[in-house]
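Below: the structure, in structure tokens.
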Amino acid sequence: MMTPREALKKYFGYSDFRPLQEDIVATTLAGIDSLVLMPTGGGKSICFQLPALLLPGVTLVVSPLISLMQDQVENLREAGIPACALNSNQTADEQLRLRRACLDGRVKLLYMAPETVFKELDQLLAALPISLVAIDEAHCVSQWGHDFRPDYLAISNIRAQFRNAVFLALTATATAKVQEDITANLRMKTPEVFVAGFNRANIFLEVRPKRNALREVIACLEQHSGESGIIYCFSRKQVDKLTEQLTDSGYSALNYHAGLSDEVRRNHQQQFIRDKVRIMVATVAFGMGIDKPNVRFVIHYDLPKSLEEYYQEIGRAGRDGLASHALLLYSAGDAHKIRSFFNETADSANSERLLQAML
């Protein structure tokens with residue numbers, strides 16, 4: 001049987017593991033549940049993709065975004081690793097073909113969104129030899145986190161069905177309370193907890209008062225002429241307005257938010273990833289799992305709602321380890337905008353606590 005280091009070299013082309021990766025892989029192969037906190041760009045994917053190749057049966061990867069799943073599946077297939085993603089965007093024929101491949105033993109890594117997991121629990125998944133369940137973006141399972149998704153709670157049902165499967169939860173950011181929630185909600189058995197350093201030393205963090213926001217943005221763009229970057233805005237309206245202002249000023253920019261169709265969002269995302277457009281102006285709907293190493297700057301046009309959200313978003317810069325820039329434009333008025341949004345949510349007290357930490 002191939003060793004983890006041999007598999008790392010053969011399939012991924014790396015001679016050495018990054019910090020903690022080897023220990024996480026060894027723990028998973030030993031059948032021990034783990035919670036992994038590792039910064040964006042720290043190499044979380046290897047922590048479950050490598051054990052998947054060395055364990056018998058199928059590894060189920062639960063991921064919140066179809067775009068993220070597709071990116072990873074394409075990269076795995078290019079490396080000669082049999083992987084597929086089952087999602088709601090596929091036709092019935094496509095889904096049937098992928099199900100057959102899974103049942104015939106032609107798939108080692110099966111990616112699904114939590115909603116699909118719930119639908120397939122008593123059907124496809126019940127017929128597969130699941131040996132590892134990897135939950136990516138695991139902070140989504142906690143209502144104390146910044147991106148809670150109720151569908152993630154259904155993942156705990158897999159534990160009852162696959163009692164012998166190893167569980168591996170991964171996230172770039174989680175407070176102590178969120179960590180407790182993850183391990184409890186996923187029914188993890190006395191898990192090992194791996195925490196990598198969170199200091200992204202290659203990212204320069206800067207906060208400036210928001211006096212003339214457009215002028216501040218353009219000054220930053222001139223500083224990073226010809227480079228790729230993301231600008232985050234609080235509202236869809238602001239995204240569209242700023243995109244128009246930048247394109248009118250001659251900048252290569254596109255917009256991204258939940259108000260656009262899936263097709264338009266996918267097109268804009270691909271243009272950005274392939275360097276056909278330099279600047280993505282977006283709401284928080286953009287970015288989770290985007291594997292683009294050469295993002296040189298991230299600008300927050302508006303105040304983020306929490307430190308966790310801020311940390312995750314700036315982490316999309318400098319994934320290649322080169323010097324990068326995170327600029328936050330701060331106005332006290334932004335807090336009022338965020339609070340008006342909180343008033344529409346069920347858990348405004350927790351939201352206020354997260355905002356205060358950010359302030």
Side-chain angles (χ1 to χ4, degrees), residues 24 27-37 44-45 47-49 51-52 55-66 68-69 72-73 83-90 92 95-96 98-103 105 107-171 174 177-193 288-289 346-347:
I24 295 163
T27 301
T28 304
L29 292 175
I32 301 166
D33 289 350
S34 297
L35 169 60
V36 174
L37 282 81
K44 290 190 293 295
S45 307
C47 296
F48 59 84
Q49 290 173 351
L55 287 167
V58 178
T59 288
L60 172 64
V61 184
V62 184
S63 177
L65 288 181
I66 290 172
L68 168 59
M69 292 189 262
Q72 292 204 7
V73 166
C84 78
L86 199 63
N87 63 62
S88 56
N89 279 2
Q90 294 159 336
Q95 291 189 351
L96 183 61
L98 292 172
R99 283 192 179 92
R100 280 180 182 152
C102 291
L103 293 168
V107 170
K108 284 298 287 180
L109 288 107
L110 171 60
Y111 284 74
M112 285 184 179
E115 304 86 349
T116 312
V117 169
F118 189 71
K119 289 176 190 168
E120 296 288 345
L121 203 56
D122 297 323
Q123 298 176 42
L124 175 63
L125 293 177
L128 295 178
I130 305 289
S131 55
L132 169 61
V133 179
I135 302 98
D136 206 5
E137 310 294 350
H139 58 272
C140 296
V141 84
S142 171
Q143 55 193 332
W144 289 90
H146 67 280
D147 197 17
F148 173 56
R149 301 189 185 207
D151 289 313
Y152 257 67
L153 294 175
I155 301 168
S156 63
N157 296 325
I158 304 172
R159 171 63 81 191
Q161 193 154 317
F162 302 103
R163 296 183 187 281
N164 297 323
V166 192
F167 269 54
L168 178 58
L170 309 104
T171 179
K177 175 61 181 167
V178 172
Q179 291 177 49
E180 285 176 26
D181 261 12
I182 292 170
T183 55
N185 290 343
L186 297 178
R187 303 183 202 173
M188 299 181 86
K189 308 166 186 172
T190 57
E192 291 284 341
V193 178
M288 190 184 284
D347 194 3

To the nearest 0.5 Å, tell me how far I130 CD1 sits from I158 CD1. 8.0 Å
In this structure, CG of L35 is separated from CD of Q179 (nearest 0.5 Å) by 5.5 Å
Taking all heavy atoms of K44 and all of T171, pick out the closest pair and write down the distance. CD-O, 3.8 Å
Go through the steps for D122 and Q161 under the test side chain to side chain contact (heavy atoms under 4.5 Å, CB included), then give the verdict. CA-CA 9 Å; D122 297 323; Q161 193 154 317; 3.8 Å; yes
Going by heavy atoms in the side chains, are S88 and E115 under 4.5 Å from each other? no
Looking only at heavy atoms, the pair that brings A52 and K108 closest together is O-CE, 3.0 Å
Are the side chains of L125 and M112 in contact, using a 4.5 Å heavy-atom criterion? yes
Given S131, which partner from the list V58, N164, L55 fulfils the side chain to side chain contact (heavy atoms under 4.5 Å, CB included) test? L55
One should read off an interatomic distance between L132 CG and L60 CG, to the nearest 0.5 angstrom, of 8.5 Å
CD1/I24 to CG/L29 distance, rounded to the nearest 0.5 angstrom? 12.0 Å
Okay, side chain of N185, backbone of V141: is any donor-acceptor separation there less than 3.5 Å? yes
Of the non-hydrogen atoms in V133 and A165, which two are nearest, and what is the gap between them? CG2-CB, 4.3 Å
Atom of V166, atom of G31 and distance for their closest heavy-atom approach: CG2-CA, 3.6 Å
Flag this pair as yes if the NZ/CZ of R159 is under 6.0 angstrom from the six-membered ring centre of F167 and inside a 45 degree cone about the axis; otherwise no. yes
Drop me the distance from L168's CG to T28's OG1, to the nearest 0.5 angstrom. 4.5 Å
Could you tell me whether the side chain of E192 and the main chain of D33 form a donor-acceptor pair under 3.5 Å? no
Candidate pair L103 and L128, rule side chain to side chain contact (heavy atoms under 4.5 Å, CB included), full reasoning: CA-CA 7 Å; L103 293 168; L128 295 178; 4.0 Å; yes
Output the distance between atom OG1 (T59) and atom CZ (F48), rounded to the nearest 0.5 Å. 9.0 Å
What is the minimum heavy-atom distance between I182 and A138, and which atoms define it? CG1-O, 3.5 Å
Would a 4.5 Å heavy-atom cut-off, applied to side chains only, mark N157 and R187 as touching? yes
Could you walk me through whether L110 and C84 pass side chain to side chain contact (heavy atoms under 4.5 Å, CB included), step by step? CA-CA 5 Å; L110 171 60; C84 78; 3.6 Å; yes
Any donor and acceptor pair, going by atom type alone, linking the side chain of Q90 with main-chain N or O of N87 inside 3.5 Å? yes
How about I32 and P191: do any of their side-chain heavy atoms sit closer than 4.5 Å? no
So, do Y111 and D136 sit near enough that their side-chain heavy atoms are less than 4.5 Å apart? no
Give the minimum heavy-atom separation between L124 and C102, together with the two atoms involved. CD1-CB, 4.3 Å
